[in-house]
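For clarity, every value in this text was computed on a predicted model and none was experimentally measured.
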Amino acid sequence: MADEIDLRFLGEQIKRLQGDVRQVKSGMAEVRADSVAVKSDVGALGTALSRMERQLEAFRESVDDRFDQQIELLKSSFRSLSEEIQTMKKS
């Protein structure tokens with residue numbers, strides 16, 4: 001019969017298809033491994049950002065405290081200077 005299918009041709013097509021499927025599976029495994037690595041990196045980045053936020057907050061509080069101390073020092077110095085001027089006026 002002229003309509004018979006050449007099984008050798010189908011065999012070659014199936015072999016190519018199997019090779020393509022293996023490549024796709026290998027690619028999927030690489031993508032999964034990359035995804036795990038990215039998730040790990042994102043977690044580490046989140047941890048680092050949290051640590052930096054805590055450090056920045058501690059630094060901000062330290063600066064606020066120093067600023068408050070400077071204000072108190074200025075007030076105290078002004079009081080001392082004012083008292084000294086008052087003393088000088090009386091003498």
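Applying the side chain to side chain contact (heavy atoms under 4.5 Å, CB included) rule to E53 yields no partners; only residues at least two apart in sequence or on another chain are considered.
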Side-chain donor-acceptor contacts of residues 30-42 below 3.5 Å, not counting sequence neighbours, with atom names and distances?
none

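Under a 4.5 Å side-chain heavy-atom cut-off, the cluster of Ile, Leu, Val, Met, Phe, Trp and Tyr residues that includes F67 is completed by I71. Here F59 is tied into one hydrophobic group with V63, each link being a pair of ILVMFWY side chains closer than 4.5 Å. Annotation for L81: hydrophobic cluster partners, listed by chain and number, are I85 (ILVMFWY side-chain heavy atoms under 4.5 Å, direct or chained).
Counting only residues at least two apart or in different chains, side chain to side chain donor-acceptor pair (under 3.5 Å) contacts with residues 60-79 comprise E57-R60, R60-D64, S62-R66.
Not a single donor-acceptor pair under 3.5 Å links the side chain of S26 to the backbone N or O of R22.
To the nearest 0.5 angstrom, R16 atom CZ is 4.5 Å from Q13 atom CD. Residue L49 holds its CG atom at 10.5 Å from CG of L56, rounded to the nearest 0.5 Å.
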